[in-house]
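The analysis underlying the following values was restricted to heavy atoms, covering all of them including side chains, and did not include hydrogens, waters or symmetry mates. Labels below follow one simple rule: chain letters A, B, ... track the order of the sequence lines, proteins then strands, and each chain is numbered from 1.
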Number of protein chains: 2
Amino acid sequence: MVSQRNSCVSITAGQARACTVREALDRVGGKWSIGILVAASQGPVRFTELERQVEGISRRMLTLTLRNLERDGLLHRRVYPTVPPKVEYTATPMALELYESLVALTAWAERHRTAITEARAAYDREHGAPAD
Amino acid sequence: MVSQRNSCVSITAGQARACTVREALDRVGGKWSIGILVAASQGPVRFTELERQVEGISRRMLTLTLRNLERDGLLHRRVYPTVPPKVEYTATPMALELYESLVALTAWAERHRTAITEARAAYDREHGAPAD
DNA sequence: CAGCATCCCATCCGATACTG
DNA sequence: CAGTATCGGATGGGATGCTG
């Protein structure tokens, strides 16, 4: 298999790898993407249901993020042409795999949550600016 | 061990998990964080060296991202008070662990690169807007 | 060499109002 | 119910110039 057209034109092997990671990050780095993906991973979810589950999201951002996820092939959108419209969003197999790939990252975040908080506090103490 | 203060105040277990992932993403989601982290994982790197290795980065963003990574405890900054200043950045153990946790994500990105590109093309074909 | 300061633009995101 | 449209603020990030 030939190596796919990459969009990562880097000199060093390390930076090429970094670029690959960013490809994934770019699709999931949005403020609401993960929350929506998680909700849609449990099975088909309707628009209003998402609006409730993903707390704090606005109607606008929900729509936009849904469109982006659908465009990237991470969500499947099914429309039932009923009188009150009904739309269901489902995570695709690719999205489920993505979620699996995030397990390690979640574990990391949990392991180091305290350390990070303390590192920040120490930094802010040493330098003047809370910046928060 | 009691569960640490969380900053994730969610109703469902799923959304709490999503929030934990975002904690990690927030520290690595920046446009340049990964590139810098990767470069600093191979050993101590100097400012100008980073500027060359992380291609396309501006002096400003390099500085800002370095400060953030240092603040989060992901980079160690060592200053040699020599006549031409010399500063070395090194990835901390925590950062190395983070990098390891990203392996799965990298693999995912590589596996689905083509599928995503095609999904986008298909979406753009079906709907009018290239948006790119 | 390793930065900080300033200006400026692009994108993200929230609030609000309207609709098939 | 499931959106779309519009406005405006916040944030991210590039370009450039100055400095210990």
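Residues A:T82 and A:P84 share a closest heavy-atom pair of OG1-O, 2.6 Å. Closest non-hydrogen pair, A:G14 versus B:V38, comes out as O-CG1, 3.5 Å. The heavy-atom pair separating A:M94 from A:G73 by the smallest distance is CE-O, 3.3 Å.
Note: the hydrophobic cluster containing B:I57 also contains A:L25 (ILVMFWY, side chain heavy atoms under 4.5 Å, direct or indirect links).
Atom OG1 of A:T48 and atom CD of A:Q53 lie 11.5 Å apart (nearest 0.5 Å).
A:L50 places its CG atom 9 Å from the P atom of D:dA2, with the value rounded to the nearest Å. Rounding to whole angstrom units, CD1 of residue A:I57 and C1' of C:dT16 are separated by 16 Å. In this structure, OH of A:Y80 is placed 15 Å from C1' of D:dA2, rounded to the nearest angstrom. Atoms CG (A:N68) and C1' (C:dT11) sit 12 Å apart, rounded to a whole Å. Computed from coordinates, the A:R22 CZ to D:dG12 C1' distance equals 12 Å when rounded to whole Å. For the pair A:M61 CE and D:dA10 C1', the interatomic distance rounds to 13 Å; values are reported in whole Å. For the pair A:R78 CZ and D:dA2 P, the computed distance is 14 Å after rounding to whole Å. For A:Q53 and D:dA2, the CD to P distance is 13 Å, given to the nearest whole Å.
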Pick out the pairs of N or O atoms, protein on one side and nucleotides 1-8 of chain C on the other, that lie under 3.5 Å.
| unit_1 | atom_1 | unit_2 | atom_2 | d |
| --- | --- | --- | --- | --- |
| C:dC1 | O3' | B:R46 | NH2 | 2.9 |
| C:dC1 | O3' | B:P85 | O | 3.2 |
| C:dA2 | OP1 | B:R46 | NE | 2.8 |
| C:dA2 | OP1 | B:R46 | NH2 | 3.1 |
| C:dA2 | OP1 | B:V87 | N | 3.3 |
| C:dA2 | OP2 | B:T48 | N | 3.0 |
| C:dA2 | OP2 | B:T48 | OG1 | 2.5 |
| C:dG3 | OP1 | B:R67 | NH2 | 2.7 |
| C:dG3 | OP1 | B:R77 | NH2 | 2.8 |
| C:dG3 | OP2 | B:Y89 | OH | 2.6 |
| C:dG3 | N7 | B:R59 | NE | 3.2 |

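A donor-acceptor pair under 3.5 Å is formed between the side chain of A:R27 and the backbone N or O of A:E23. In this structure, A:T92 contributes its side chain and A:L74 its backbone to a donor-acceptor pair below 3.5 Å. B:E88 contributes no side-chain N or O that, together with a main-chain N or O of B:R77, makes up a donor-acceptor pair within less than 3.5 Å. Within the 3.5 Å criterion, the main-chain N or O of B:G29 finds no donor-acceptor partner in the side chain of B:S33. Side chain of A:S10 to backbone of A:T12: no donor-acceptor contact under 3.5 angstrom is found.
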Tell me, with the steps shown, if A:H112 and B:E97 meet side-chain hydrogen bond (donor to acceptor under 3.5 Å, both in side chains). CA-CA 10 Å; A:H112 298 292; B:E97 280 184 51; 2.9 Å; yes
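Residues from residues 29-41 of chain B that place a heavy atom under 4.0 Å from any atom of DNA chain D, listed by number: B:K31, B:W32.
Taking the C1' atoms of five terminal pairs at each end of the helix from C:dC1-D:dG20 to C:dG20-D:dC1, the two resulting helix axes are inclined by 50°, rounded to 10°.
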